[in-house]
Amino acid sequence: MSKVIGELPEIRGKIKECIEVIKNIVEGVNKLTYEELEKIARENWPELLEERHIEREKVLPPLHGAVEGKVVTRLAPNPDFPLHLGNARPALLSYWYAEMYKGKMILRFEDTDPRIKAPYPEAYNTIKEDLKWLGITWNEEYIQSLRLPLFYGIARKLIERGGAYIDLCDSKTIRTLRVQGKACPHRELPVEKHLEEFDKMLEGYYSEGEAVLRVKTDLSHPDVSVRDWIALRVIDTSKTPHPVVGDKYIVWPTYNFAAGVDDHLMEVTHILRAREHLTNTIKQKYLYKHMGWKYPETIHFGRLSLEGLVLSKSKMRKLVLEEGIRSLSDPRLGTLQALRRRGIVRETIWKLIREVGIKQTDAKVSLVNLYALNRSIIDPVANRYMAVEEPVYLQLSGFSGELEASIPIHPSREEKYVYRIKSGDIVMLSRADFSTIKNSVFRLMGLANFKISRIDVWNDTPVYVAELHSIGYEESRKLNAPIVQWVLWGESIVGDVIITKGYKVLKKQFYLERRVLSEKVGSIIQLYRIGFVRVDEVSRDRLILIYAHE
RNA sequence: GCCGCCGUAGUAUAGCCCGGUCAAGUAUGCGGGCCUUUCGAGCCCGUGACCCGGGUUCAAAUCCCGGCGGCGGCACCA
């Protein structure tokens, strides 16, 4: 029924009559057997029997009110910590939309709290590096602490327009009044008085806590925090100097004032930010109304969390203190630096954020999903190497001359690495593999098929003697022989693989093919049957690898 | 406690604004098969969801009301 209306929308007016007709037809059709139906379909509408497989690529939904060439977005981080995965969402969305509409993106450091959330001097650069790694470019860059006189100017205009007042109440009094929805005595004083007090504030007449500038909102607003929120306050920068401007200023804007003013001055058209800013949007709109400005389009998306990974700055700081984490790129953290070090590539972050989109609901992404995305990108490019853990020694015998082993560097490429093996050479196997092959014919990957014939002991170490059974891969298939990885003794190098499990870090020692030394720091490789790892450090006789995922 | 936002498979997401080709698409995961000199990748098959209850309507994932659940905000933080 619905299908018919969908295809023939013009019958909409006569639905009641149609129902009878359709009912009869459907009853008739229902009496037919499946075979009869199939026959009719094949004769009349063969295309119906063909399966369609449509893959739609996910694209960003259009931005409300966006005009090509005019869109301005901004990313406004507090430079108190490097960027983490959660920050990648507003960062990439702001960037993508600016690109999509051929507009521009602004990077603005919101560092207007030298007291409680004091900026880290290094973070200004770290954040820029994080953004560059993400592949984000921006057109303009600002630091709010260098713009304080601008905020003072706007504040003065706001007072003149009757939109703000200097409040000299102590915090206890004002708290009580606000909850009751009552005005404090200062609110209704004449504009001239407020301008005067504002000057006194700037001159340093008042100390911390004695005077604030409040924006007039609605004293009966259901959300108490919206009622006459604070725009500027006094911070004693002789005690807590600001890393950029030192103790030059003692009157500082709050987030809502600074962000609100700057979004206007910088002509931001679209704000993309997380849901926790919903109330801030409401607060800032009062400021815009007083000033007669137009508030930008705003999108509030949900929070992004990654199962098993800490993304909150405060929790990460705590971890750093408690777990003795020295570097913010420690693989246990959720910083972009840390993810990068764990072998997560930029394209994965892009795919992930694009997938998650701009929904208002929170997204809890599982690590398995993140790994799957990452694998799809690194698998085609990661070189393969053999590696063994807890080596068992095997001496190869039963042949004369040389055997040739060709190890694919990547299964989908022709390129091979060739070893020449002589009778008597020793190879290493993982202990776990050894237990499955000790009684049967097995294949050393890329080399030949062997069977263990006896045990020797050299300097207290058992060495198993393996006799050549056959060379070809076909034989091993016929016998259903297991294929194991191996590393040639003397052609090996020790690699420490760092594995992150929650807040624990394990270190496992592997012996790898020595040819891995041609890999550079930062490259991602796959150890056959172990997983993907990122080369973290390389020296002549050792390397450090960080485990990414299977 | 007060205020607000949001509920589609294990997870993420499409569809919701504008009710009908939605007996709900895609990805990932999981189960099975094929292929393969990795237990990787690829290919094929299967699995599995509209939070609950009412209402409006010929027709509700979509609109309305009520519950329940999750999350966020309630700073002289950003």
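Numbers restart at 1 for each chain; the letters A, B, ... are given by sequence-line order, proteins then strands.
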Please report the interatomic distance CZ(A:Phe151) to CD(A:Gln144), rounded to the nearest 0.5 Å.
4.5 Å
CG-CD1 distance between A:Leu403 and A:Ile471, expressed to the nearest 0.5 angstrom
5.0 Å
Sugar-phosphate, base or nothing in reach of [X], heavy atoms under 4.0 Å:
| X | result |
| --- | --- |
| A:Ser406 | base |
| A:Asp113 | sugar-phosphate |
| A:Gln526 | base |
| A:Pro411 | base |

Tell me the partner of B:G42, counting only Watson-Crick (N1-N3 plus N6-O4 or O6-N4) or G-U wobble (N1-O2 and O6-N3) with both under 3.5 Å; none if nothing fits.
B:C34
May I ask which nucleotide in the shown strands pairs with B:G72, Watson-Crick or G-U wobble, both distances under 3.5 Å?
B:C3
Taking the side chain of [X] as its heavy atoms from C-beta onward, which of [options] lies nearest to it?
| X | options | result |
| --- | --- | --- |
| A:Ser225 | B:C74, B:C71, B:U38 | B:C74 |
| A:Thr254 | B:U11, B:C6, B:A78 | B:A78 |
| A:Val368 | B:G29, B:G72, B:U37 | B:G29 |

Whether A:Lys239 and A:Asp247 form a salt bridge (side-chain N of Lys/Arg under 4.0 Å from carboxylate O of Asp/Glu) is what I want to check.
no
A:Arg233 charged N/C atom sitting above A:Trp252 aromatic ring, 6.0 Å / 45°
no
Taking OP1 and OP2 of [N], is either one under 4.0 Å from a side-chain nitrogen or oxygen of [X]?
| X | N | result |
| --- | --- | --- |
| A:Arg227 | B:C74 | no |
| A:Thr112 | B:A78 | yes |
| A:Arg477 | B:U36 | yes |
| A:Arg115 | B:C77 | yes |
| A:Tyr473 | B:U37 | yes |
| A:Arg375 | B:A41 | yes |

Using the rule given for ring-ring contact (aromatic ring centres under 6.0 Å, His included), can you reason through A:Phe434 versus A:Trp486, listing the C-alpha separation, both sets of side-chain angles and the distance that settles it, and then say yes or no?
CA-CA 10 Å; A:Phe434 177 73; A:Trp486 51 277; over 10 Å; no
Round to a whole Å and report the spacing from NE2 of A:His64 to P of B:C18.
12 Å
Whole-angstrom distance between B:C22 and B:A60, as gauged at atom C1':
11 Å
